[in-house]
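Below is one structure, written out as structure tokens; the observations come after it.
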There are 2 protein chains.
Amino acid sequence: MTLEVSSAVQDYAKAIYSLEQRCDGGAVSTNALAERLGVSAASASSMVKKLDGLGIVEHVPYRGVVLTGRGMNVALEVLRHHRLLERFLAEELGVPWDRVHDEAEVLEHVLSEELEELIAAKLGHPTIDPHGDPIPTADLKIVEPATVAMDGLEVGDSGRFVRVSDSDPEMLRYLGARGIAPGEPFEIVDKQPFGGPIFARFGDAGEAHPLGGRLAAAMRVEVGA
Amino acid sequence: MTLEVSSAVQDYAKAIYSLEQRCDGGAVSTNALAERLGVSAASASSMVKKLDGLGIVEHVPYRGVVLTGRGMNVALEVLRHHRLLERFLAEELGVPWDRVHDEAEVLEHVLSEELEELIAAKLGHPTIDPHGDPIPTADLKIVEPATVAMDGLEVGDSGRFVRVSDSDPEMLRYLGARGIAPGEPFEIVDKQPFGGPIFARFGDAGEAHPLGGRLAAAMRVEVGA
DNA sequence: GAATAAATTTAGCCTAGCCTAAAATCGTTT
DNA sequence: AAACGATTTTAGGCTAGGCTAAATTTATTC
């Protein structure tokens, strides 16, 4: 039951999925979609009409789109490809952490199901990618952890560092150089007032790292006991 | 100096290169190109005009095309991608010998130079692909061995099995199952008259294999001492 | 050298996705 | 409720790369 759609359709499904995750209000606006994909609003609008015809989304004119079950499967399929590839490129080929996203972005559209399976097996069927995001299972189930931005935490809070926004290579490099990787447990040990840095200790390291405003805002964490 | 061309242009360059190799007469006919690529002659003709404009080929109307230096580089670049990928898929991911070609066919167009280099390094900079065909070097040099079809040999002839035509998965499976791989030295030990099978011993195996007409015709060998 | 067969090119059309500019709709503000 | 700004949609066009059908050129055969 491979879903035969063009790579443009895959990109739209993926973007809609991601925007639905983010703003949990429901429908995704044409404008948000256009901006996300770097196309004009007119292009997004006409594509949305097509996606509706394909049964990928439900579109209420002027109201936005929602993924159908079928559309969700398209999105999760390509998301699985993307995240497996990121993991594979990082782990097996030593692609730098901040480059895996862009490489995976093009490969995800041409990965066959056979290759997907071979890669998953080679990696031992991993459940998270190098950014810490969950990899959908082969039957396209996924649990997105509920995360909050680290800059909203207070001293004494602790949890697990989940991921940093895909789109900032600089931050990925910065954290990578300090050995701070997704999955790490952490604890907030200090917080400066007036937008100053927040200090967090990761793993079992003795030393706490200062995390400035933009960085702390981009780091998503799962808060827990 | 990455050559920025569409994947259609890459496919044309690759096909022209391959046809130039085969029939060493010189120019490649529009018809042969069309048939090779599975498009109409009209499509090939209009694309050829475009390729000429891009400086990929020189086209003399009604006479055929010849790759330019630039076109040769496009072809060798994608050929390097293709053959490195075949090798990588077979060796690192265990893709069956008869499937590597089709997988590589789509991946070759989206492989970045960085990834190409990482893959080459991981494989130890191999010089032949799983079919026995030479892999162009990073600076796009290649030496295609002079081969003949095995069915033209006589008892007592010997040499090295180089490759079998890319396009026949059935033969690849058949040979693979018998442990006959590119690079193997061989010797002709018997030959039946009237188009009957030819018998060849491979490597240091004691037993000779019978190779029927179509198979022996598809197997390309380098004859030597 | 003329007729015909085969190869090649041209002409005209199609689809997917993108674009800009103009129209329509929505939501808000008076 | 009317008007304004923001969003969305429609209208019309563009490019890449296919297609078929018709014209043209080349090659061959009488």
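Here is how names work: the chains are called A, B, and so on, in the same order as the sequence lines, proteins then strands, and each is numbered from 1.
- B:Glu35 has its CD atom 18 Å from the C1' atom of D:dG18, to the nearest Å.
- At a threshold of 4.0 angstrom between heavy atoms, the contacts of B:Ser6 are confined to the sugar-phosphate backbone, with no base atom among them.
- At a threshold of 4.0 angstrom between heavy atoms, the contacts of B:Ser29 are confined to the sugar-phosphate backbone, with no base atom among them.
- The distance between atom CE of A:Met47 and atom P of C:dC19, rounded to the nearest whole Å, is 12 Å.
- The nearest heavy atom of DNA chain C to B:Gly64 and to A:Pro61 marks one nucleotide each, and the one closer to the 5' end goes with B:Gly64.
- For A:Glu92, the CD atom is densely surrounded, since the number of other residues' heavy atoms within 6.0 Å is greater than 12.
- No engagement by B:Ala44 is indicated, since no non-hydrogen atom pair under 4.0 Å with the nucleic acid exists.
- Nucleic acid contact class of A:Ala41 (heavy atoms, under 4.0 Å, all strands): base.
- Between C:dT8 and B:Ser45, no contact under 4.0 Å exists linking OP1 or OP2 to a side-chain N or O.
- Taking the side chain as every heavy atom from C-beta outward, A:Phe161 and A:Leu175 approach each other to under 4.5 Å.
- Atom CG in B:Leu33 sits roughly 14 Å away from atom P in D:dG17 (whole-Å rounding).
- Contact between the side-chain N/O atoms of B:Thr30 and the OP1/OP2 oxygens of C:dT9 is found at a separation under 4.0 Å.
- Under 4.0 angstrom from either OP1 or OP2 of D:dA16 there lies no side-chain N or O belonging to B:Tyr12.
- One interatomic measurement links the two molecules: CG of B:Asp52 to P of C:dT10, which rounds to 12 Å at whole-angstrom precision.
- At the phosphate of D:dA27, OP1 or OP2 sits under 4.0 Å from a side-chain N or O atom of B:Arg63.
- Proximity of a side-chain donor or acceptor of A:Arg80 to a complementary backbone N or O of A:Pro136 within less than 3.5 Å is detected.
- For D:dT8, neither phosphate oxygen OP1 nor OP2 lies less than 4.0 angstrom from any side-chain nitrogen or oxygen of A:Lys49.
- The side chain of B:Lys50 places no N or O atom within less than 4.0 Å of a non-bridging phosphate oxygen (OP1 or OP2) of D:dT15.
- Taking a 6.0 Å sphere around CD of A:Glu116, one finds it holds more than 12 heavy atoms contributed by other residues, nucleotides or ligands.
- A salt bridge links B:Glu105 to B:Lys14: at least one charged side-chain nitrogen sits closer than 4.0 Å to a carboxylate oxygen.
- Regarding contacts with the backbone of C:dC19, a side-chain N or O of A:Ser43 is found under 4.0 angstrom from either OP1 or OP2.
- Between A:Asn31 and D:dA6, a side-chain N or O to OP1/OP2 separation shorter than 4.0 Å is absent.
- Counting only heavy atoms from C-beta on, A:Val39 has its side chain closest to C:dC19 among D:dA21, D:dG18, C:dC19.
- For the pair B:Tyr62 OH and D:dT24 P, the computed distance is 9 Å after rounding to whole Å.
- Taking atom CG of residue B:Leu51 and atom C1' of nucleotide C:dT8, one finds them 16 Å apart after rounding to whole Å.
- Using a 3.5 Å distance cut-off with no hydrogens or angles, the side chains of B:His82 and B:Asp129 do not pair a donor with an acceptor.
- Dashed line: the shortest gap from a side-chain N or O of B:His59 to OP1 or OP2 of C:dT8 is not under 4.0 Å.
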